[in-house]
Peer 1: 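Attaching a single structure in structure tokens format; questions to follow.
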Amino acid sequence: MSMIYIVEDDRNISEIESFSLKNSGYETAVFETAKDFYGALAGQIPSLVLLDVMLPDEDGLHIVQKLRKDPLTQEIPVIMVTAKSTEMDKVKGLDLGADDYLSKPFGVMELISRVKALLRRSGERKEERKLVIGRVLLDEERHAVYVDDKQCELTHKEYELLKLLMLRAGIVTGRMDILDQVWGTDFQGESRTLDMHIKTLRRKLGEAGSMIKTVRNVGYILDTMTE
């Protein structure tokens with residue numbers, strides 16, 4: 001059953017949203033402040049968030065930006081709910097990362113319809129967000145890596161490095177390209193940083209780490225033939 005977080009400080013509205021969603025078969029949790037919402041995220045990632053723009057402690061648009069910057073929450077579907085209804089307000093919310101927009105006042109049927117549609121699209125995307133090569137599975141939804149069905153604890157950079165190599169499996173990726181993709185174009189450190197991360201990544205992957213091959217004076221490749 002999908003869990004939907006409702007972030008809304010107007011209890012009359014949150015009660016209507018929660019009641020309607022529960023009657024449609026969803027679980028809900030209601031939060032009146034951004035602080036409480038963040039606290040809940042630490043314990044469970046919801047299937048979807050209904051997010052009000054005007055909250056007492058933080059603007060909903062800022063919340064969307066934070067969600068999209070965090071790898072653990074960046075894929076959560078978000079429907080902005082607000083009294084603001086001008087075209088520019090909607091465009092701003094969507095540009096910052098919201099998936100849909102619902103203007104107050106809204107009908108219950110419209111709310112349920114939009115929730116169902118967004119969850120359906122999200123489910124279709126999630127099916128494509130698991131990479132499997134040999135004994136390694138990278139699950140983007142959970143932001144987790146498994147080797148022989150056992151979770152492998154990686155740092156954020158190690159995860160992003162492995163993801164890049166898996167997406168380009170069988171193709172040599174140059175050192176500078178990897179640094180740009182994983183560390184960013186403004187990276188000012190030494191290229192040895194990449195070598196150190198490759199070394200620890202191989203070690204953490206165990207025998208499966210042998211798939212990551214060094215291409216001398218060029219970069220690295222995830223060799224699918226090794227497995």
Side-chain angles (χ1 to χ4, degrees), residues 1-86 88-126 129 139-144 151 153-157 159-160:
M1 185 180 295
S2 297
M3 166 60 78
I4 298 177
Y5 282 179
I6 299 170
V7 190
E8 170 66 67
D9 63 328
D10 187 325
R11 293 190 179 182
N12 290 327
I13 294 176
S14 64
E15 286 178 0
I16 293 173
E17 291 173 338
S18 182
F19 180 78
S20 302
L21 290 167
K22 286 180 178 178
N23 279 348
S24 296
Y26 301 107
E27 292 185 52
T28 66
V30 178
F31 310 97
E32 296 185 1
T33 65
K35 180 181 179 181
D36 291 341
F37 170 58
Y38 292 139
L41 283 178
Q44 180 181 4
I45 300 296
S47 302
L48 182 145
V49 174
L50 283 175
L51 178 61
D52 186 28
V53 172
M54 304 297 290
L55 295 169
D57 57 341
E58 188 173 354
D59 188 289
L61 297 176
H62 292 160
I63 295 176
V64 170
Q65 287 180 297
K66 288 182 179 179
L67 293 178
R68 295 305 180 232
K69 290 179 180 178
D70 188 334
L72 294 177
T73 61
Q74 62 185 6
E75 297 294 336
I76 300 176
V78 177
I79 298 179
M80 301 295 294
V81 182
T82 179
K84 296 182 177 181
S85 59
T86 67
M88 286 306 298
D89 288 330
K90 293 180 180 180
V91 169
K92 185 175 182 181
L94 295 171
D95 284 347
L96 290 175
D99 296 281
D100 202 352
Y101 214 100
L102 200 58
S103 299
K104 303 174 185 178
F106 54 83
V108 170
M109 294 303 294
E110 180 184 9
L111 167 66
I112 300 303
S113 178
R114 287 178 181 269
V115 167
K116 287 182 177 180
L118 185 50
L119 285 174
R120 182 170 60 250
R121 295 199 302 271
S122 174
E124 292 170 353
R125 291 199 302 267
K126 288 176 181 177
R129 295 178 58 233
D139 188 333
E140 290 194 68
E141 180 184 356
R142 297 178 180 274
H143 197 73
Q151 188 166 357
E153 296 295 336
L154 302 181
T155 65
H156 176 63
K157 292 300 184 186
Y159 174 90
E160 292 298 325

Peer 1: To the nearest 0.5 Å, how far apart are OG in S14 and CG in L21?
Peer 2: 11.0 Å
Peer 1: To the closest 0.5 Å, what do you measure between CD (Q44) and CE (M3)?
Peer 2: 5.0 Å
Peer 1: Could you give me the CA-CA distance, side-chain angles and deciding distance for Y26 and L48, then say whether side chain to side chain contact (heavy atoms under 4.5 Å, CB included) is met?
Peer 2: CA-CA 10 Å; Y26 301 107; L48 182 145; over 6 Å; no
Peer 1: Taking the side chain as every heavy atom from C-beta outward, state whether Y38 and I63 have any pair of such atoms under 4.5 Å apart.
Peer 2: yes
Peer 1: So which heavy atom on I13 is nearest to which on E8, and how close?
Peer 2: CG2-OE1, 3.8 Å
Peer 1: Does any part of the side chain of D52, heavy atoms only, come nearer than 4.5 Å to the side chain of K104, both counted from C-beta?
Peer 2: yes
Peer 1: Evaluate F19 against T28 for side chain to side chain contact (heavy atoms under 4.5 Å, CB included), listing each step before the verdict.
Peer 2: CA-CA 9 Å; F19 180 78; T28 66; over 6 Å; no
Peer 1: At their closest point, which heavy atom of G60 faces which heavy atom of L51, and how far apart are they?
Peer 2: O-CD2, 3.4 Å
Peer 1: How far apart are the C-alpha atoms of F37 and L55, what are their side-chain angles, what is the distance that settles it, and do they pass the side chain to side chain contact (heavy atoms under 4.5 Å, CB included) test?
Peer 2: CA-CA 11 Å; F37 170 58; L55 295 169; over 6 Å; no
Peer 1: Which pair of heavy atoms, one from Q74 and one from R68, lies closest together, and at what distance?
Peer 2: O-NH1, 2.9 Å
Peer 1: With heavy-atom distances below 4.5 Å as the criterion, would you say the side chains of I16 and L111 are in contact?
Peer 2: no
Peer 1: Find out whether V81 and F106 are in side-chain contact, i.e. whether some heavy atom of one side chain is under 4.5 Å from a heavy atom of the other.
Peer 2: yes
Peer 1: Any carboxylate oxygen within less than 4.0 angstrom of a Lys/Arg side-chain nitrogen, looking at K35 and D57?
Peer 2: no
Peer 1: Measure across D100 and R114 and return the closest heavy-atom pair with its distance rounded to 0.1 Å.
Peer 2: OD1-NH1, 2.8 Å
Peer 1: Aromatic rings Y5 and F31: how do their planes relate, parallel, tilted or perpendicular, breaks at 30° and 60°?
Peer 2: perpendicular
Peer 1: If you measure from OG on S24 to CE on M109, what distance do you get to the nearest 0.5 Å?
Peer 2: 7.5 Å
Peer 1: Please examine the side chains of L67 and L41, heavy atoms only from C-beta on, and report whether any two atoms are closer than 4.5 Å.
Peer 2: yes
Peer 1: Where is the tightest heavy-atom contact between L119 and S47, given as atom of each residue plus distance?
Peer 2: CD2-O, 3.6 Å
Peer 1: Looking at every heavy atom in both I76 and D99, which two are closest together, and how far apart are they?
Peer 2: O-OD2, 3.8 Å
Peer 1: Distance from S103 atom OG to M80 atom CE, nearest 0.5 Å?
Peer 2: 11.0 Å
Peer 1: Could you grab the distance from atom CG of L96 to atom NZ of K66, nearest 0.5 Å is fine?
Peer 2: 13.5 Å
Peer 1: Just how far is it from atom OG of S113 to atom CD of E110, taken to the nearest 0.5 Å?
Peer 2: 7.5 Å
